[in-house]
2 protein chains.
Amino acid sequence: MRNVKIYWSSMTTRSASSNRNASRSRKLALPYTTVDVVIFTVLDDALQVLLVQRRGDGDEPFPGRWALPGGFVDVEADSSLEDCARRKLEDKTGVASPYLEQLGSWGSSTRDPRGWSATHVYFTLIPGQDVSLVKGANAADVAWFKVDEVLHPRGLAFDHDDILQSAVERLRGKVEYTSLPAFLLPEPFTLPQLQRMYEVVLGRPVDKSGFRTRMLAGRFLEEVGYADGESNRPAKGYRLIDRLSLVVFPRTFSPRGAD
Amino acid sequence: MRNVKIYWSSMTTRSASSNRNASRSRKLALPYTTVDVVIFTVLDDALQVLLVQRRGDGDEPFPGRWALPGGFVDVEADSSLEDCARRKLEDKTGVASPYLEQLGSWGSSTRDPRGWSATHVYFTLIPGQDVSLVKGANAADVAWFKVDEVLHPRGLAFDHDDILQSAVERLRGKVEYTSLPAFLLPEPFTLPQLQRMYEVVLGRPVDKSGFRTRMLAGRFLEEVGYADGESNRPAKGYRLIDRLSLVVFPRTFSPRGAD
DNA sequence: CCAATAGTGTCTTTCAGACAGTATCAC
DNA sequence: GTGATACTGTCTGAAAGACACTATTGG
């Protein structure tokens, strides 16, 4: 025998102030709304993440600390959350990545010292080579960091350690059964290169034969000439048939149900 | 050769107004922040979702239309997004469901006619029996609906059709390889009952033998006596060892890689 | 005995994992 | 030829799918 409130509790409270279209001058305090982007790449055979150093002066929280790129939603400029995320990604990297996935949202009264805030987090994978140029042409406050070194010891601004942790788990999880790592390579790429991406992200070797079978069975790659080899047998070049969508394999790479 | 902005664009704009802890009286407009909950159950051998009818009077948008339960984050009362979702769930159902998963967030300038808004969506599964009492004790504006009938024709308020669609896809997807449907049953339950939950959600029959092997191999159930049968062999009763966490099976139920 | 549902055994097919073998380049 | 890397073939073992079989209740 429980009781049930009939109307939306907050809704009711809110409409009691009887201003419908006014988005300013209200009674109820609104949380801050931000968007952050976790940008992964593989450089130097290591999984890396793009971080931005917060300003050391002024009155902003976490001065001088490194953080995920992101910021407040701009009601005038951003038409949607994904739109906002895409712009932040392009601002920092110059890359208009087609693949952008929502990771989740984090919101609480304590995560930002300025007040109640909620952030919508997206993540993406981009080819590292494309961006190194940008980084070189810039100052020290945008940089790639090896994920493992960022996570211990933890030290990012806000709750970005938690967010990054989640992103890495999601990434490693999905790599087991999707074609995600293909987004880490510039096209055209070879199967051995792609295999390397899987190995770097997963942190373990992958069998060559099984790997090739799987990739080709996925029907998401199309041949496009040969890569110019170094001094051995040249590998076939491939590119994604559809650079937007992800292929899901029917099984994971190695069933971990070993007990 | 791309260019890179050094500072967070929105952040900069914002701090230019030079008020750090003030959460009111600013220049920048803030989006509305809401939380919605997709509450699933199985009743009458059908997957159902809890909906709330919006008020027909007043100046609120989508009067009289059905919507997912949810509403504005209350900065005073809610300490976090999940906290907020849990309260809304309990308000509507009286159930303090241990399992609550974040589905994603939807935010844009157009989804709410009152202005830029972003909603954080959670979803949960609860035993239908527990709640039917509550519904009986109440008026007509909280009710269960068969998911299939809600989705076509679509007709929910806001973008709740899209959200529900996503929730159903996520649910069906995860049911293939997790123990999710166990949350649809009151404890103790039997394996045949659990199998039924899988079949209802997936919309197809599941092999008995394989099903039992899988569930028992998952080591997430513990025996607890026998169910009092009707007029045939009584089944063993089980309950979840850990009512909070989900078990992930190494493979999906039926590899859909059939082309 | 029968009906009905719970639970098990067994065969087959499929497929990942392992690894050995072959192919094609530079020198 | 050698060395190096790309690519393929084959065997094996584990597990899912299908389905027949046994078990335990009430009447």
Side-chain angles (χ1 to χ4, degrees), chain A residues 45 175-179 185 188-200 202-219 221-239 247-259, chain B residues 45 175-179 185 188-200 202-219 221-239 247-259:
Chain A
D45 273 353
V175 162
E176 294 278 0
Y177 63 99
T178 68
S179 62
L185 289 170
F189 52 82
T190 69
L191 284 182
Q193 286 173 333
L194 184 56
Q195 185 179 346
R196 193 86 204 92
M197 292 302 109
Y198 275 86
E199 292 177 334
V200 166
L202 292 175
R204 66 175 144 87
V206 167
D207 180 76
K208 185 171 41 170
S209 175
F211 179 79
R212 299 176 67 90
T213 311
R214 238 170 121 115
M215 293 303 129
L216 274 343
R219 301 177 174 290
L221 297 174
E222 66 181 351
E223 290 186 26
V224 44
Y226 279 83
D228 30 324
E230 324 268 88
S231 87
N232 35 37
R233 178 171 176 177
K236 281 181 184 165
Y238 292 90
R239 71 161 196 231
V247 174
V248 178
F249 305 126
R251 300 194 188 175
T252 67
F253 258 102
S254 62
R256 55 216 135 190
D259 51 313
Chain B
D45 273 353
V175 162
E176 294 277 0
Y177 63 98
T178 67
S179 63
L185 289 170
F189 52 82
T190 70
L191 283 183
Q193 286 174 332
L194 183 56
Q195 184 179 345
R196 194 86 202 92
M197 292 302 109
Y198 275 86
E199 292 177 334
V200 166
L202 292 176
R204 65 176 145 87
V206 167
D207 179 77
K208 183 172 44 169
S209 175
F211 178 80
R212 301 176 66 89
T213 312
R214 237 170 122 116
M215 293 303 129
L216 273 344
R219 303 179 172 288
L221 296 175
E222 65 180 352
E223 290 187 27
V224 43
Y226 278 83
D228 30 325
E230 324 269 87
S231 86
N232 36 37
R233 178 172 176 177
K236 281 183 184 163
Y238 291 89
R239 71 162 195 229
V247 173
V248 177
F249 305 125
R251 301 194 188 175
T252 67
F253 259 102
S254 63
R256 54 214 136 189
D259 50 312

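Here is how names work: the chains are called A, B, and so on, in the same order as the sequence lines, proteins then strands, and each is numbered from 1. Values below: every heavy atom of this structure, side chains too, minus hydrogens, waters and symmetry copies.
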Euclidean distance, A/Arg214 CZ relative to A/Ser179 OG, rounded to 0.5 Å = 11.0 Å

ask   = To the nearest 0.5 Å, how far apart are CG in B/Leu191 and CZ in B/Arg196?
value = 15.0 Å

ask   = B/Arg214 has an atom CZ; how far is it from atom P of C/dT8, in whole Å?
value = 18 Å

task = Could you check how far CG of A/Leu191 sits from C1' of C/dT24, rounded to whole Å?
result = 16 Å

query = Closest approach of B/Glu199 and B/Val206, non-hydrogen atoms and distance?
reply = OE2-N, 2.9 Å

remark   = Taken to the nearest whole Å, CZ/A/Phe211 to C1'/C/dA18 is 17 Å

Whole-Å distance separating the CD atom of A/Gln195 from the P atom of C/dG17 = 12 Å

key: Length of the line joining B/Lys236:NZ and C/dG7:P, which is rounded to integer Å   = 7 Å

Donor-acceptor contact present, side-chain B/Glu223 to main-chain B/Lys236, <3.5 Å = no

key: Pairing residues for B/Phe211 by the ring pair (Phe, Tyr, Trp, His ring centres under 6.0 Å) criterion, not counting sequence neighbours   = B/Tyr198

ask   = Rounded to whole angstrom units, what separation is found between the CE atom of A/Met215 and the P atom of C/dA16?
value = 11 Å

Pair A/Arg204 + A/Glu176, salt bridge at N-O below 4.0 Å = yes

query = If the sugar-phosphate is the primed atoms plus P, OP1 and OP2 and the base is the rest, what is the B/S/- string for nucleotides 19-27 of chain D, using protein heavy atoms under 4.0 Å?
reply = B---BBBS-

query = Which atoms form the tightest heavy-atom contact between A/Pro192 and A/Arg212, and what is the distance?
reply = CD-NH1, 4.3 Å

request  = Calculate, to the nearest 0.5 Å, the distance between atoms OG1 and OH belonging to A/Thr190 and A/Tyr238 respectively.
outcome  = 9.0 Å

key: Separation of B/Met197 CE from B/Leu202 CG (nearest 0.5 Å)   = 12.0 Å

remark   = Axis-to-axis angle for the helix from C/dC1-D/dG27 to C/dC27-D/dG1, ends of five pairs each, to 10°, equals 10°

message = Distance check needed: C/dG7 P versus B/Leu221 CG, whole Å only.
response = 12 Å

inquiry  = I need the CD-C1' distance between B/Glu223 and C/dA6, as an integer number of Å.
reply    = 13 Å

ask   = When you match B/Tyr226 and A/Thr213 each to their closest nucleotide on DNA chain C, which lands nearer the 5' end?
value = B/Tyr226

